[in-house]
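These numbers come from a predicted model, not from an experiment. For the numbers below, each heavy atom of this structure counts, side chains included, while hydrogens, waters and symmetry mates do not.
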Amino acid sequence: MKLKHRLALYSVLIFSVVILIASAAIYISFYKKMETIELQVLKNKTLLAAVYYLEEDEVGNEERVTIQNQLRRSISRKNIAVYNSKNVIAKGEMGVDNFITKDFLNQVRNQREAHLVSDNNFYFGLYYEDNEGDFVVITREDKSEFNQQLLALLQILIVVFIVGVILIFIFSQFLGRLAYAPIIKIIDQIKERDNNNFHQPIRSGENDYAEIKDLIVSYNHFIEKLSNTFHIQKNFIDYVSHELRTPITAILGNLEVTNTKDRSIVEYKENIQLIKQYILDLEETLEKMTLLSGANTRLEFNEIRIDEVVWHVIEHAILYHNANIDVNIEVEDTADFYIQGNAKMLELALSNIVENAIKYSLNSIIKLHVYKENSKIRIDVIDTGIGIPAKDLVNIKQNFYRAENTKEFQGKGIGLSLANIIFGLHKINLDIKSDSKGTCVSLIFNK
């Protein structure tokens, strides 16, 4: 069942329950109110009948005539009965009524007044003490008009219920389409995606609901992660095919050359050492590729400290490259250092930046500055090396791309592109500024 139809069904069910409860409450309230009014009116008539029949000797003729006229206009004498203490009708023209029982008469005597309601009549009893004795005055009122009013009210409520259910179903269908429209737009945008543009984010409208916008944000975040994963896999395949081919070709070529003629022990040792170096390079490349693919880390993000990553990279650079690094950390609150990330991947990426600075500046002094700018952690790695030509700067982050002025330096063109991917996964902006006097690589953490 579609969501809009389900919403319409739920709306109808909820409305039906609510209107049934409201109708029942209206009907019962109206019944109780009308019954109370009828009994109050009947009580007044009963009192008037008691005065007429039992105070005959105590009122004047003129007053009696007035009471008689009032009684004639309000109630028929056939609906009046005055019972004496022996439960015998002493006055009034009401015949025997099975609803007026001995128990009802005794109830009137005990409570001074009481009422009774049957399907066709209202009854009201009044205990009246007179000098001629104690009497119970009973009056009766026909319920036909009362029942007709209740029936009319019930018919109105039924019609209102049916019409209301129909209208709420129509309106809920219309509102369902309005509520479902943003979801349809999302579905249409997703259907337009294919292998080439699946990474494009879903657009939300200005008038979309907050929940829809949250859904779009979550979807776009998921697609971004998925796109990054595919990007890593593609780069991993590119890196492997590119990086493994070179050392394997070199190893095979060296073996073939060595096998062409007999060589001295020294020459064999030199060739073995060269092959060993190729193998070590191959092992290092495989380690980086495995890390990048997520096979070791599975892209697990945990809470890490940026400054600890920085110090690990610096210690490694000093130990293995005898680097000369001037470190300046200007972040007072250590809580700012905590981010969600992968320490190994960040160390690899930052190491590539630092090692490039060391290599292309011929191991001159490097400045590493950690500070806050616009409430964001920023790391600047500054060297005084050969720099990056302006025409190469726009392409420097691409796979296997090397600037023209780096031909004399050993490299494969994967370090910076690898770092750029890792920084992207951590939502770290990589900005590079360079001229002939050196290069400044800036990392801005958007945590």
Side-chain angles (χ1 to χ4, degrees), residues 20-159:
L20 279 175
I21 295 174
S23 299
I26 291 172
Y27 184 83
I28 294 173
S29 300
F30 181 81
Y31 178 87
K32 293 295 183 183
K33 183 67 175 178
M34 292 300 296
E35 184 183 64
T36 301
I37 293 174
E38 290 289 340
L39 291 174
Q40 182 62 42
V41 172
L42 191 58
K43 177 181 178 180
N44 295 334
K45 294 178 180 181
T46 305
L47 182 60
L48 185 63
V51 172
Y52 176 78
Y53 282 108
L54 301 177
E55 299 293 342
E56 182 179 0
D57 56 341
E58 297 182 12
V59 297
N61 291 332
E62 184 176 349
E63 186 177 358
R64 178 173 174 76
V65 171
T66 301
I67 295 174
Q68 182 179 5
N69 292 333
Q70 291 178 351
L71 185 64
R72 186 184 302 114
R73 289 193 298 268
S74 60
I75 187 171
S76 171
R77 295 183 184 183
K78 294 181 179 181
N79 292 323
I80 301 174
V82 179
Y83 287 84
N84 58 23
S85 58
K86 298 180 180 181
N87 294 334
V88 176
I89 297 178
K91 297 180 180 180
E93 300 179 9
M94 183 189 300
V96 177
D97 193 317
N98 295 329
F99 285 96
I100 303 176
T101 62
K102 182 178 179 181
D103 292 337
F104 178 64
L105 294 174
N106 290 333
Q107 181 183 359
V108 174
R109 292 188 179 96
N110 294 331
Q111 300 178 1
R112 313 295 292 182
E113 63 180 45
H115 66 269
L116 181 66
V117 181
S118 68
D119 293 337
N120 299 316
N121 296 291
F122 291 107
Y123 298 88
F124 195 92
L126 183 68
Y127 181 66
Y128 198 91
E129 296 177 352
D130 188 64
N131 52 11
E132 297 180 6
D134 298 331
F135 298 89
V136 173
V137 182
I138 304 293
T139 56
R140 179 177 61 190
E141 186 73 36
D142 184 63
K143 279 185 65 180
S144 57
E145 185 177 352
F146 178 83
N147 291 335
Q148 289 177 359
Q149 290 178 343
L150 288 179
L151 180 60
L153 175 62
L154 182 61
Q155 292 173 343
I156 292 172
L157 291 176
I158 292 174
V159 171

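A salt bridge links Arg112 with Glu129: the distance from a Lys NZ or Arg NE/NH1/NH2 to an Asp or Glu carboxylate oxygen falls below 4.0 Å.
Side-chain atoms of Tyr52 and Arg72, non-hydrogen and from C-beta on, never get closer than 4.5 Å to each other. Inter-residue side-chain proximity for Phe99 and Asn121 is flagged as unmet; no heavy-atom pair is nearer than 4.5 Å. With contacts defined as side-chain heavy-atom distances shorter than 4.5 Å, the pair Leu71/Ile80 qualifies.
Contact between Phe124 and Leu39 at its shortest, heavy atoms only, is CD1-O, 3.9 Å. Heavy-atom minimum distance, Tyr123 versus Ser118: CE1-OG, 3.7 Å. For the pair Ser23 and Leu157, the tightest heavy-atom approach, listed with the atom from each and the gap, is O-CD1, 3.6 Å. Contact detail for Ala50 and Tyr128: the closest heavy-atom pair is CB-CD1, 3.6 Å.
Within the 3.5 Å criterion, the main-chain N or O of Asp119 finds a donor-acceptor partner in the side chain of Asn147.
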Table please: side-chain donor-acceptor pairs of residues 133-141 below 3.5 Å, with sequence neighbours left out.
{"unit_1": "Asp134", "atom_1": "OD2", "unit_2": "Tyr127", "atom_2": "OH", "d": "3.1"}
{"unit_1": "Thr139", "atom_1": "OG1", "unit_2": "Thr46", "atom_2": "OG1", "d": "2.4"}
{"unit_1": "Arg140", "atom_1": "NE", "unit_2": "Asn79", "atom_2": "OD1", "d": "3.1"}
{"unit_1": "Arg140", "atom_1": "NH1", "unit_2": "Asp97", "atom_2": "OD2", "d": "2.8"}
{"unit_1": "Arg140", "atom_1": "NH2", "unit_2": "Lys78", "atom_2": "O", "d": "3.2"}
{"unit_1": "Arg140", "atom_1": "NH2", "unit_2": "Asn79", "atom_2": "OD1", "d": "3.1"}
{"unit_1": "Glu141", "atom_1": "OE1", "unit_2": "Lys45", "atom_2": "NZ", "d": "3.1"}

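Tyr31 is linked by a ring pair (Phe, Tyr, Trp, His ring centres under 6.0 Å) to Phe146, counting only residues two or more places apart in sequence or in another chain.
Judged purely by distance below 3.5 Å, without hydrogens or angles, the side chains of Asp103 and Thr101 never pair a donor atom with an acceptor atom.
Atom CD of Glu145 has 12 or fewer neighbouring heavy atoms from other residues, nucleotides or ligands inside a 6.0 Å radius.
In this structure, the separation between CG on Leu116 and CZ on Phe122 is 10.5 Å, given to the nearest 0.5 Å. Here the straight-line distance linking atom CG of Leu42 with atom CG of Leu126 works out to 10.5 Å at 0.5 Å rounding. Interatomic distance, Asn110 CG to Leu105 CG, rounded to the nearest 0.5 Å: 11.0 Å. For the atom pair CE (Met94) and OH (Tyr83), the distance works out to 6.5 Å, reported to the nearest 0.5 Å. Considering CD of Glu38 and NZ of Lys33, their distance stands at 12.5 Å, rounded to 0.5 Å. With rounding to the nearest 0.5 angstrom, the NZ atom of Lys143 is 7.5 Å from the CG atom of Leu150.
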Subject >> Working for side chain to side chain contact (heavy atoms under 4.5 Å, CB included), residues Asn87 and Arg109 >> reply: CA-CA 11 Å; Asn87 294 334; Arg109 292 188 179 96; 2.7 Å; yes
